[in-house]
Asker: 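Questions regarding the structure given below will be posed in turn.
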Protein chains: 2
Amino acid sequence: MHAVKIKIQITSGNDIAFGPGKADLLEAIGRYGSISAAAKSMNMSYKRAWELVAVMNASFKQPLVVTSVGGSHGGGAILTEFGFEVLRLYREVLAKSDQFVLSEMQNLLSMLSALPNPDLTS
Amino acid sequence: MHAVKIKIQITSGNDIAFGPGKADLLEAIGRYGSISAAAKSMNMSYKRAWELVAVMNASFKQPLVVTSVGGSHGGGAILTEFGFEVLRLYREVLAKSDQFVLSEMQNLLSMLSALPNPDLTS
DNA sequence: TATCGTTATGTTATCAGAAATATAACGATA
DNA sequence: TATCGTTATATTTCTGATAACATAACGATA
């Protein structure tokens, strides 16, 4: 029905150092140990995932993901301790912020019409 | 340099009842007394502005903007008391949230590399 | 009753960002 | 030393959101 969507991005210069998409990707990389598998799991192209990782790594003091190429399984990617910590902190701030914003938003929400508009995409 | 960008949208069913763009538009309509003048001031097309107004008005219990067509000056649009109040509340929540998020974000920000990446769009 | 600037709404064109495709390099292991 | 799945990267194609364009209706006022 009604919802409050909050999006928090950390920008660094011209590019987005971290945000919701990168957080999800990081989590998937942690789970699968591979950029390509992570990308596939969220059906994102490998190329895009690789680019996001590159920006992240370049934006922070330490790499969040380290990759290795070649080898019997072709290579892989692992989430560093640092990366894991960034993810944890981001998620934590997001959860707190969600709660904060939602509580602050109550009076505004009460001004919305009870029923949403009909969906016209048919 | 580094910044935290926070975006708060209120969704209602499938469409976005309110958000940063609509807030700016509302403010401009209040200032200019016309959708077309407001649109022009933020160089947005009249059509787009009109659509945003339509969604807003349909999403809330009362209209935020009332329009009149024809007449010596062609017509116009005014921000209702209700619309003004929605705008005020939204801006208030946004400011508070900005502050909250920024303070919660400090440790994460300290993990960013000091210098942003070079801009490659040249 | 002609004018004028605005609201209201449909149609077409454009373009940036994303997807799709292609290809090279890599190196453990069998 | 051939294989295989992955990283790494360039190029081409597609698409969906938006801009641009067009047009009708409206009505106070002069």
Side-chain angles (χ1 to χ4, degrees), chain A residues 5 7 9 11 14-16 19-22 24-26 28-58 63-80 83 117-122, chain B residues 7 9 11 14-16 19-22 24-26 28-59 63-80 83 117-122:
Chain A
K5 287 191 179 173
K7 177 180 181 178
Q9 287 182 333
T11 66
N14 276 354
D15 36 38
I16 299 166
K22 293 196 176 70
D24 290 346
L25 178 59
L26 223 52
I29 290 172
R31 172 152 57 241
Y32 294 105
S34 144
I35 294 179
S36 83
K40 186 174 299 182
S41 81
M42 35 200 309
N43 49 316
M44 169 186 293
S45 73
Y46 169 80
K47 181 182 167 68
R48 174 150 179 71
W50 183 86
E51 286 167 347
L52 296 182
V53 168
V55 171
M56 274 190 271
N57 276 351
L64 316 191
V65 172
V66 293
T67 61
S68 66
V69 42
S72 61
H73 313 82
I78 65 167
L79 196 52
T80 63
N117 311 328
D119 179 9
L120 300 174
T121 64
S122 62
Chain B
K7 177 181 182 177
Q9 288 180 332
T11 65
N14 276 355
D15 35 39
I16 299 165
K22 294 196 176 70
D24 290 345
L25 178 60
L26 223 49
I29 290 173
R31 172 150 57 240
Y32 294 106
S34 144
I35 294 178
S36 84
K40 187 174 299 181
S41 81
M42 31 199 313
N43 48 317
M44 170 187 292
S45 73
Y46 169 81
K47 183 182 168 71
R48 175 153 178 70
W50 183 87
E51 286 168 347
L52 296 182
V53 168
V55 170
M56 273 191 270
N57 276 349
S59 299
L64 316 191
V65 172
V66 293
T67 61
S68 66
V69 42
S72 60
H73 312 83
I78 63 167
L79 196 52
T80 63
N117 311 328
D119 179 8
L120 300 174
T121 64
S122 61

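Just so we're clear, the structure is a prediction, and the values are computed from it rather than from any experiment.
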Asker: For residues A/Thr67 and A/Ala77, report the shortest heavy-atom separation together with the two atoms involved.
Answerer: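 Heavy-atom minimum between the residues: CG2-CB, 4.0 Å.
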Asker: Please name the pair of heavy atoms, one in B/Ala38 and one in B/Leu25, separated by the smallest distance, quoted to 0.1 Å.
Answerer: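 What the structure gives for the nearest pair is CB-CD1, 4.2 Å.
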Asker: Kindly compute the distance separating CE (A/Met44) from CG (A/Asp24), expressed to the nearest 0.5 Å.
Answerer: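 One finds 8.0 Å between CE of A/Met44 and CG of A/Asp24.
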Asker: When you measure from every atom of DNA chain D, which of residues 63-80 of chain B have a heavy atom less than 4.0 Å away?
Answerer: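 When residues 63-80 of chain B is checked for heavy atoms under 4.0 Å from DNA chain D, the hits, listed by number, are B/Val69, B/Gly70, B/Gly71, B/Ser72.
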Asker: According to a 3.5 Å limit on both distances, what stems of 3 or more consecutive Watson-Crick or G-U pairs are formed with DNA chain D?
Answerer: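 In DNA chain D, stems of three or more pairs: C:1-30 with D:1-30.
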Asker: Looking at residues at least two apart in the chain, or sitting in another chain, which of them share a side-chain hydrogen bond (donor to acceptor under 3.5 Å, both in side chains) with B/Thr11?
Answerer: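 So B/Thr11 forms no side-chain hydrogen bond (donor to acceptor under 3.5 Å, both in side chains) with any residue.
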Asker: For the residue pair B/Leu79 and B/Leu64, what are the closest heavy atoms and their distance?
Answerer: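 Smallest heavy-atom distance, with atoms named: CD1-O, 3.4 Å.
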Asker: Do you know which of B/Leu26, B/Ile35, B/Val66 makes side-chain contact (heavy atoms from CB on, under 4.5 Å) with B/Val53?
Answerer: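 Exactly one option meets the side-chain contact (heavy atoms from CB on, under 4.5 Å) with B/Val53, and it is B/Ile35.
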Asker: So if I define the base as every atom that isn't primed, P, OP1 or OP2, how would nucleotides 10-15 of chain C read as a B/S/- string at a heavy-atom cutoff under 4.0 Å?
Answerer: BB----
Asker: Please find the pair of heavy atoms, one from A/Lys7 and one from A/Pro20, that lie closest to each other, and give the distance.
Answerer: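 Closest approach of A/Lys7 to A/Pro20, heavy atoms only: CG-CG, 4.0 Å.
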Asker: Does anyone know the first and last nucleotide of DNA chain D in reach of chain B, 5' to 3', at under 4.0 angstrom to a heavy atom?
Answerer: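 Contacts span D/dA19 to D/dT29, reading 5' to 3'.
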Asker: Considering all heavy atoms of both residues, which atom of A/Lys22 and which atom of A/Leu52 are nearest to each other, and what is their separation?
Answerer: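 Answer, listing the atom of A/Lys22 first, then A/Leu52: CE-O, 3.8 Å.
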Asker: Taking only heavy atoms on the protein side, list every residue of residues 31-44 of chain B lying under 4.0 Å from any atom of DNA chain D, sorted numerically.
Answerer: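 DNA chain D contact set from residues 31-44 of chain B: none.
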Asker: Using atom CH2 of A/Trp50 as one end and atom P of C/dA19 as the other, report the distance to the nearest whole Å.
Answerer: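 Going from CH2 in A/Trp50 over to P in C/dA19 covers 17 Å.
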Asker: Please report the closest heavy-atom contact between B/Ala28 and B/Met42, naming both atoms and the distance.
Answerer: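 For B/Ala28 versus B/Met42, the nearest heavy atoms are CB-SD, 4.1 Å.
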Asker: In this structure, how many angstroms lie between the C1' atom of C/dT23 and the OH atom of A/Tyr46, rounded?
Answerer: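 A/Tyr46 atom OH is separated from C/dT23 atom C1' by 13 Å.
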